[in-house]
2 protein chains.
Amino acid sequence: MTAVTHSSIREDIRKRIVAGEWGLGEQMPGEIDLASEYGCSRTTMNRALRALADEGMIERKRKGGTRVRPLPLPKAQLRIPIIREQVEARGLDYSSKVIHRKRLSAKSQTHIPPGTDCIYLESLHMAGSEPFAYEKRWVNLAAVSEFEHVDLSEISANEWLVRTVPFSRGNVALAASNADAAVAEMLNVPCGNAVFTMQRNTWLESAAITAATLFFPPEYRLEFEI
Amino acid sequence: MTAVTHSSIREDIRKRIVAGEWGLGEQMPGEIDLASEYGCSRTTMNRALRALADEGMIERKRKGGTRVRPLPLPKAQLRIPIIREQVEARGLDYSSKVIHRKRLSAKSQTHIPPGTDCIYLESLHMAGSEPFAYEKRWVNLAAVSEFEHVDLSEISANEWLVRTVPFSRGNVALAASNADAAVAEMLNVPCGNAVFTMQRNTWLESAAITAATLFFPPEYRLEFEI
DNA sequence: GAGTGGTCTAGACCACGGT
DNA sequence: CCGTGGTCTAGACCACTCA
């Protein structure tokens, strides 16, 4: 006898969908019917079906009932890794060095309003004695003025920001680009070689906090489940 | 007066966390206290807090209570776009052509067991008259034998597979690589140029279905929110 | 042992959206 | 109109884990 828990019910219904018990786009039984079939309350069945809807397997509409999604949404949970953790997960020592540090007005290529007082940083993240990633970053001093006095030999800019402004929101763009001379030298790859790049803009509420671009050597792969 | 719904409560508590009402790693009030503070039932408060825990903002443990996560997990919902949709979203006509099609035994670089009878395909996805992506794909005939007879001038391999085996799971790896001569010619970029690559392996239950590698021109960016 | 979250229940009312 | 999912409630028992 299967335990009547929302998770076991959810997995059982998932199997029935995968097995094709209800065709694509076809209406499946409602909460009340399924609840009585499984011998659980409607609340529990609701939770199981809600979870399947959240992951894009089914679609639910008031009055329209519950349907198997015709083309499932290929959604994935991607966890943006913290660089230190990635390095340490490979059993290597993490360190970072600041290569350039300047005080500049924001340029227009970032989401920080042009002219805003910023710190511009270039730093190299190391895994053992090998370069792991090169970073170019703008930090908005109007939003985090304390950043001006942070000792970046003690803590990386990224970690300081995460601890100071932990719950910011942002966007990410992934791309491939050809290494320019500076990036190529830092990552120890031939000039023009393909490098994986990740651009991140973050906000706290409506204030632009930081814009960072990370360059990874060609071996780097960002992996996740779907 | 704020309505007492799980979502409004969740957003209010999110604001209080962002405002720093409870320090990082510090224990916050339990469900019962918060429920009485908001004048809702414990069930409702549980749902609000569970949602915040799911998105990585708080950590919950039996007996240990609820705590603000010390370093928030940067998680993102990444929707893997269907190529046709990406092209059409840019207002361009989508088409695809098969460049090579062979029947081969699987090689060991994919997740399909070596020696399995496969179709190997190379195809070009077009946006208007421009190349949009080049695809190399293995399809396991032992898992989807009908694929042998599909007319790929009518429907792309990807779309046929999604409709036929809709609920497969898989993994994805993103990287930057240097275009080899064939890919460079197809994408109309200089040989050796950086191309964005996406490798996908998919399974239905435990059966390997298909392994695909997509190559995108250097302008391509994969964007998402965090 | 005891406190906290995890979960289930039975019942209720509401909101959306096809008919 | 009225069926369906969306949500809330009050109460209960359980399971984990810290002290």
Side-chain angles (χ1 to χ4, degrees), chain A residues 1-14 16-17 21-70 72-73 75 77, chain B residues 1-14 16-17 21-70 72-73 75 77:
Chain A
M1 185 64 189
T2 315
V4 267
T5 65
H6 65 92
S7 59
S8 68
I9 291 170
R10 165 169 43 80
E11 292 314 312
D12 192 71
I13 293 180
R14 188 205 307 286
R16 292 169 72 179
I17 292 172
E21 179 162 343
W22 306 287
L24 301 189
E26 190 182 318
Q27 186 166 347
M28 31 187 292
E31 293 185 341
I32 300 169
D33 293 342
L34 284 169
S36 76
E37 180 187 337
Y38 280 88
C40 67
S41 70
R42 197 192 137 210
T43 313
T44 300
M45 184 53 68
N46 180 284
R47 183 164 173 188
L49 293 175
R50 207 159 16 84
L52 291 171
D54 284 345
E55 55 177 275
M57 183 157 268
I58 60 178
E59 241 173 358
R60 319 192 72 203
K61 265 193 223 154
R62 284 161 161 137
K63 172 75 182 182
T66 300
R67 294 167 181 281
V68 178
R69 195 151 233 147
L73 298 179
K75 267 199 282 186
Q77 268 290 346
Chain B
M1 186 65 190
T2 316
V4 268
T5 65
H6 65 92
S7 59
S8 68
I9 291 170
R10 165 169 42 79
E11 293 312 314
D12 192 70
I13 293 181
R14 190 206 305 285
R16 292 169 70 178
I17 293 172
E21 179 162 342
W22 305 287
L24 301 188
E26 191 183 317
Q27 187 166 345
M28 23 187 301
E31 294 185 340
I32 301 171
D33 293 341
L34 285 170
S36 75
E37 181 186 336
Y38 281 87
C40 68
S41 70
R42 187 168 84 95
T43 314
T44 300
M45 183 53 67
N46 180 285
R47 183 163 174 190
L49 293 176
R50 210 164 9 88
L52 290 172
D54 284 345
E55 57 176 271
M57 185 156 267
I58 61 179
E59 241 173 359
R60 319 192 72 202
K61 263 192 222 155
R62 283 157 161 142
K63 170 76 179 180
T66 300
R67 292 166 183 280
V68 178
R69 195 153 235 149
L73 298 179
K75 269 199 281 186
Q77 271 291 346

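We use all heavy atoms of the structure for the numbers below, so side chains are in, but hydrogens, waters and symmetry mates are not. The shown structure was predicted, so the numbers you read here are calculated from the model rather than taken from an experiment. Letters A, B, ... are given to chains in the order of the sequence lines, protein chains preceding strands, and every chain is numbered from 1.
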- side-chain N/O T66(A) vs dG5(D) OP1/OP2, d < 4.0 Å: yes
- Message: Using whole Å, what does the distance between atom C1' of nucleotide dG5(C) and atom CE of M45(B) come to?
- Response: 14 Å
- Query: Hey, does the side chain of S41(A) come within less than 4.0 Å of dG11(C)'s phosphate (OP1/OP2), counting only N and O?
  - Reply: no
- Query: Looking only at side-chain N and O atoms, does R60(B) come under 4.0 Å of OP1 or OP2 in dG6(C)?
  - Reply: yes
- For G64(B), report the nucleic acid contact type (base, sugar-phosphate, nothing); a contact means any heavy atom under 4.0 Å. nothing
- Ignoring the backbone of T44(A), work out which of dC8(C), dG5(C), dG5(D) is nearest its side chain. dC8(C)
- Item | L52(B) CG - dG5(C) C1' separation (whole Å) | 15 Å
- Message: Does G65(A) reach a base, just sugar-phosphate, or nothing at all? Heavy atoms under 4.0 Å.
- Response: sugar-phosphate
- Item | Selection from dG6(C), dT7(D), dT9(D) that lies nearest to any side-chain heavy atom of T43(B) | dT9(D)
- Charged N to carboxylate O under 4.0 angstrom, E55(A) versus R14(A)? yes
- Task: Could you grab the distance from atom CG of L52(A) to atom CD1 of I58(A), nearest 0.5 Å is fine?
- Result: 5.0 Å
- N46(B) side chain N/O closer than 4.0 Å to the phosphate oxygens (OP1, OP2) of dG6(C)? yes
- Task: Measure the distance from CZ on R10(A) to P on dT7(C) and round it to the nearest whole Å.
- Result: 9 Å
- Note on the structure: By salt bridge (charged side-chain N to carboxylate O under 4.0 Å, His left out), R69(A) pairs with (sequence neighbours left out) E59(A)
- Separation of dG5(D) atom P from R47(A) atom CZ, nearest Å, is 18 Å
- Task: Round to the nearest Å and state the distance from R67(B) atom CZ to dC18(D) atom P.
- Result: 10 Å
- Item | Polar side-chain atom of R67(A) near backbone of G25(A) as donor-acceptor pair, under 3.5 Å | yes
- R42(B) (side chain) and dT7(C) (base): donor-acceptor pair under 3.5 Å: yes
- With P29(A), which residues qualify under side-chain contact (heavy atoms from CB on, under 4.5 Å), at least two apart? W22(A), D33(A), L34(A)
- Message: For E31(B) and C40(A), find the nucleotide of DNA chain C closest to each by heavy atoms; which residue's nucleotide sits nearer the 5' end?
- Response: E31(B)
- Message: Does K61(B) have more than 12 heavy atoms from other residues, nucleotides or ligands lying within 6.0 Å of its NZ?
- Response: no
- Just compare dG5(D), dA10(C), dG5(C) and give me whichever is closest to any side-chain atom of R62(B). dG5(C)
- Atom-pair distance (CD on E59(B); P on dC16(D)), nearest Å: 18 Å
- Query: In whole angstrom, what separates H6(B)'s NE2 from dG5(D)'s P?
  - Reply: 16 Å
- Message: Let me check the geometry of the helix from dG1(C)-dC18(D) to dG18(C)-dC1(D). What is the bend angle between the axes at its two ends, five pairs each, to 10°?
- Response: 10°
- Task: Over all heavy atoms of both residues, which pair between R42(A) and E31(A) is shortest? Give the atoms and the distance, please.
- Result: NE-OE1, 2.5 Å
- Taking all non-hydrogen atoms of both residues into account, name the closest pair between V4(A) and Y38(A) and its distance. CG1-O, 3.1 Å
- Between dG17(C) atom C1' and K63(A) atom NZ, what is the distance in whole Å? 8 Å
